[in-house]
Asks: 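Below is a structure I'd like to ask you about.
Nothing here was measured: the structure is a model prediction, and the numbers come from that model. Counting begins at 1 with the first residue of the sequence.
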Amino acid sequence: MTVLVLWIEYTEDEARKIGVVGWVKNTSKGTVTGQVQGPEEKVNSMMSWLSKVGSPSSRIDRTNFSNEKTISKLDYSNFSIRY
């Protein structure tokens, strides 16, 4: 579980660097879930990072992005880790 905790901390740092908002958390199934919001190009950049890079100690077997939609305003003001 330590690897996942580190992974979400790297995710939080990367999201803030890219400039997206939302949240991320570990699931009881040993996966990570979350929501990312922002300008399309920044969201795409975050999705690429999640799919191809991740934290230095992570192993990315697959990513699944769903419920993509255009929104008129952001639901979040920052990016955070949920527990």
Side-chain angles (χ1 to χ4, degrees):
M1 195 56 108
T2 303
V3 172
L4 289 175
V5 171
L6 289 174
W7 196 85
I8 63 175
E9 288 174 357
Y10 276 96
T11 301
E12 180 183 37
D13 290 344
E14 188 66 20
R16 289 181 176 167
K17 187 185 329 177
I18 290 173
V20 294
V21 298
W23 57 271
V24 66
K25 81 175 206 173
N26 291 320
T27 70
S28 61
K29 296 179 181 179
T31 62
V32 177
T33 188
Q35 188 173 116
V36 175
Q37 297 180 351
E40 184 176 5
E41 66 278 0
K42 290 183 178 186
V43 170
N44 288 340
S45 180
M46 187 67 189
M47 289 168 54
S48 177
W49 183 86
L50 289 165
S51 297
K52 300 174 183 172
V53 182
S55 77
S57 58
S58 67
R59 187 184 89 211
I60 303 167
D61 294 326
R62 71 182 173 94
T63 53
N64 179 29
F65 302 106
S66 60
N67 299 323
E68 293 179 48
K69 61 184 175 183
T70 301
I71 57 175
S72 59
K73 68 176 190 132
L74 300 174
D75 296 321
Y76 307 97
S77 59
N78 60 17
F79 199 91
S80 62
I81 297 172
R82 289 189 176 176
Y83 298 95

Asks: For residues 36-48, please give each side-chain donor-acceptor pair under 3.5 Å, one per line with the distance, not counting sequence neighbours.
Replies:
unit_1 : atom_1 : unit_2 : atom_2 : d
Q37    : OE1    : D75    : N      : 2.7
Q37    : NE2    : Q35    : OE1    : 2.8
Q37    : NE2    : D75    : OD2    : 2.9
N44    : ND2    : E40    : O      : 3.4

Asks: Which value, rounded to the nearest 0.5 Å, describes the distance between F79 atom CZ and E12 atom CD?
Replies: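 Answer for the CZ-CD pair, F79 versus E12, is 7.5 Å.
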Asks: Classify the side-chain pair T63/S51 by whether it contains a donor and acceptor separated by less than 3.5 Å.
Replies: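 Distance-only check passes for T63 and S51.
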Asks: Do V32 and Y10 sit in the same hydrophobic cluster, where Ile, Leu, Val, Met, Phe, Trp and Tyr count as joined when their side-chain heavy atoms come under 4.5 Å apart?
Replies: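 V32 and Y10: one cluster.
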Asks: V53 and I18: same hydrophobic cluster, using ILVMFWY side-chain contacts below 4.5 Å?
Replies: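 Both belong to a single hydrophobic cluster.
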Asks: If you count heavy atoms of other groups shown closer than 6.0 angstrom to CG of D61, is the number above 12?
Replies: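 Counting neighbours around CG of D61, more than 12 heavy atoms of other residues, nucleotides or ligands fall under 6.0 Å, so yes.
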Asks: Identify the two heavy atoms, one from L50 and one from F65, that lie closest to each other, and give their separation to 0.1 Å.
Replies: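 Smallest interatomic distance, heavy atoms only, reads CD1-CE2, 4.0 Å.
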Asks: With sequence neighbours excluded, what pairs up with K17 under the salt bridge (charged side-chain N to carboxylate O under 4.0 Å, His left out) test?
Replies: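 Listed in chain order: E14.
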Asks: Do W23 and I71 belong together in a cluster built from hydrophobic side chains that touch within less than 4.5 Å?
Replies: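 Hydrophobic grouping puts W23 with I71.
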